[in-house]
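Residue numbers start at 1 and run along the sequence shown.
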Amino acid sequence: MMGVSFSGLSLRDLEYLVAVGEHLHFGKAAEHCGVSQPALSAQIKKLEAAVGVVVFERSPRRVLVTAKGREILERTRSVLREASALMNAGRDDRPLSGSFRLGALPTLGPYLLPRIMRPLRKAFPEMRLVISEDRSDRLLAALKEGELDAILVCRPEEDGKIAVQRLFFEPFTIMHPVDWPPVWPPRDGSMPVLLLEEGHCLHDQVKGSCEPYPFLAFAARRASSLEMLRQMIAAGEGISLVPALAAAALDRNDRLTANTPLPAAGYGREIVLCYRHSDPRAAHIAGIVALMRDGLNDNVVAVPATGRPVTA
């Protein structure tokens with residue numbers, strides 16, 4: 001989109017603006033956009049001068065969106081959505097060329113995407129994959145608003161606007177210090193339960209497995225990420241459940257193990273790829289689904305034999 005411009009600005013400048021609005025950090029936004037921070041900052045200042053609005057309130061420690069800036073950001077997102085639809089209008093022969101914005105759960109993306117990005121680049125060399133992470137509710141909202149093209153999440157609640165392709169069933173395993181017995185759920189307070197913070201769907205899934213002993217879940221300590229959870233368990237702070245793909249990556253510390261299976265099989269989460277029914281590329285997204293399944297044929301997760309889309 002860099003060739004399209006108005007008043008000396010390009011659509012790429014608008015993408016810079018949205019990136020800063022999402023990350024609230026100029027350095028992270030520049031990394032996301034693949035440019036230097038000084039170049040991104042200069043273009044943001046030029047855009048603010050062109051529209052006559054200070055979009056971001058800057059300080060040494062944080063970036064805030066101004067009241068008027070929120071309106072500018074919303075209009076900018078709308079312009080980018082319309083521009084993307086226009087640029088893709090005549091590309092039916094290359095339906096997955098250009099930008100493809102894929103969202104994923106933070107408990108899934110770092111462990112799944114490295115397995116599938118190389119095959120995706122090989123199969124769709126003209127597709128520019130743009131990755132973002134967030135919690136389920138925000139990913140679904142962004143998908144419905146057209147800010148994302150597809151999302152990798154646990155199976156969502158029913159909604160006629162969204163199509164769902166089953167990818168795989170991911171079992172949970174017990175992560176525990178090596179000198180603690182792998183008992184789940186713990187029968188007493190000698191092994192504290194650790195959870196992710198509220199808002200993560202994994203928080204609710206692990207907490208639900210403690211229902212026979214609700215006092216454990218109520219008293220559980222929280223971690224902000226799976227990596228923090230791993231560090232806490234390695235330090236002997238408690239025990240928890242982790243998804244299989246993450247367990248394979250996180251089990252790299254001689255003070256803990258993350259690959260102890262649960263005594264009762266079948267406890268885990270179903271991972272799906274969601275996209276809008278109205279997306280003109282919907283019929284071609286099946287190719288992405290097939291590649292994702294092929295990249296997971298390693299007995300870590302259970303991949304379905306068929307993947308017919310279901311209305312959610």
Arg276 side chain to Ala163 backbone, donor-acceptor under 3.5 Å: no
CD-CE distance between Glu237 and Met228, expressed to the nearest 0.5 angstrom: 11.0 Å
Hydrophobic cluster identity match, Val130 and Met117, side-chain contacts under 4.5 Å: no
Crowding at CZ, Arg75 (>12 non-hydrogen neighbours, <6.0 Å): no
Short side-chain to backbone donor-acceptor contact, Thr173 and Ala244, under 3.5 Å: no
Nearest atoms (heavy-atom pairs only) where Gly109 meets Pro114: O-CD, 3.6 Å
Point-to-point distance, once rounded to the nearest 0.5 Å, from CD of Glu270 to CZ of Phe169: 8.5 Å
Close side-chain approach of Glu22 to Arg77, heavy-atom, < 4.5 Å: yes
Worked verdict on Leu202 versus Val242 for side chain to side chain contact (heavy atoms under 4.5 Å, CB included): CA-CA 8 Å; Leu202 187 59; Val242 293; 5.8 Å; no
Side chain Arg12, main chain Cys33, donor-acceptor under 3.5 Å: yes
Side chains of Leu129 and Ile131 in contact at under 4.5 Å (non-hydrogen atoms): yes
Enclosure of Glu48 CD (heavy-atom neighbours >12, cutoff 6.0 Å): yes
Pair up each side-chain donor or acceptor in residues 285-292 with any protein partner under 3.5 Å, not counting sequence neighbours, and list the distances.
none

Carboxylate-amine/guanidinium proximity below 4.0 Å for Lys68 and Glu71: yes
Main-chain N/O of Leu245 paired with Glu170 side-chain donor or acceptor, under 3.5 Å: yes
Pro119 vs Lys122 side-chain heavy atoms within contact, under 4.5 Å: no
Of Arg128, Met127, Glu126, the residue whose pairing with Phe124 passes side chain to side chain contact (heavy atoms under 4.5 Å, CB included): Met127
Phe56 and Leu64: CA distance, side-chain angles, deciding distance, side chain to side chain contact (heavy atoms under 4.5 Å, CB included) verdict: CA-CA 6 Å; Phe56 300 112; Leu64 299 175; over 6 Å; no
Gap separating the OG1 atom of Thr76 from the CD atom of Glu15, nearest 0.5 angstrom: 11.0 Å
Geometric class of the His32/His23 ring pair [parallel <30°, tilted 30-60°, perpendicular >60°]: tilted
Gap separating the NZ atom of Lys45 from the CG atom of Asp13, nearest 0.5 angstrom: 14.5 Å
Side-chain heavy-atom pair Phe100, Leu120 within 4.5 angstrom cut-off: no
Exercise: identify the closest heavy-atom pair between Glu227 and Arg230: OE2-NH2, 2.8 Å
Ile239 vs Leu194, side chain to side chain contact (heavy atoms under 4.5 Å, CB included): CA-CA, chis, key distance, verdict: CA-CA 6 Å; Ile239 187 172; Leu194 304 179; over 6 Å; no
Nearest non-hydrogen partners of Leu80 and Leu11, listed with the distance: CD2-O, 3.8 Å
Common cluster, Ile116/Ile151, ILVMFWY with side-chain heavy-atom separation under 4.5 Å: yes
Side chain proximity check, Leu17 to Ile72, heavy atoms < 4.5 angstrom: yes
Flag side-chain contact, heavy atom, 4.5 Å: Ile233 against Pro177: yes
Residue pairs, two or more places apart or on separate chains, that pass side chain to side chain donor-acceptor pair (under 3.5 Å) and touch residues 101-114: Arg101-Asp149, Thr107-Arg269
Atom of Cys274, atom of Ile162 and distance for their closest heavy-atom approach: CB-CG2, 3.6 Å
For the student: nearest non-hydrogen atoms of Leu226 and Ala246, plus distance: CD1-CB, 3.7 Å
Residues Arg281 and Asp279 bridged, charged N to O under 4.0 Å: yes
Side chain to side chain contact (heavy atoms under 4.5 Å, CB included) evaluation trace for Ile44 with Val55: CA-CA 9 Å; Ile44 293 293; Val55 179; 5.9 Å; no
Nearest-0.5 Å distance that lies between atom CD1 in Ile271 and atom CG in Leu105: 6.0 Å
Atom of Phe26, atom of Ser41 and distance for their closest heavy-atom approach: CD2-OG, 3.5 Å
Thr66 side-chain N/O to Val54 backbone N/O, donor-acceptor pair under 3.5 Å: yes
Close side-chain approach of Phe172 and Pro243, heavy atoms under 4.5 Å: yes
Leu113 side, atom CG; Leu102 side, atom CG - distance, nearest 0.5 Å: 6.0 Å
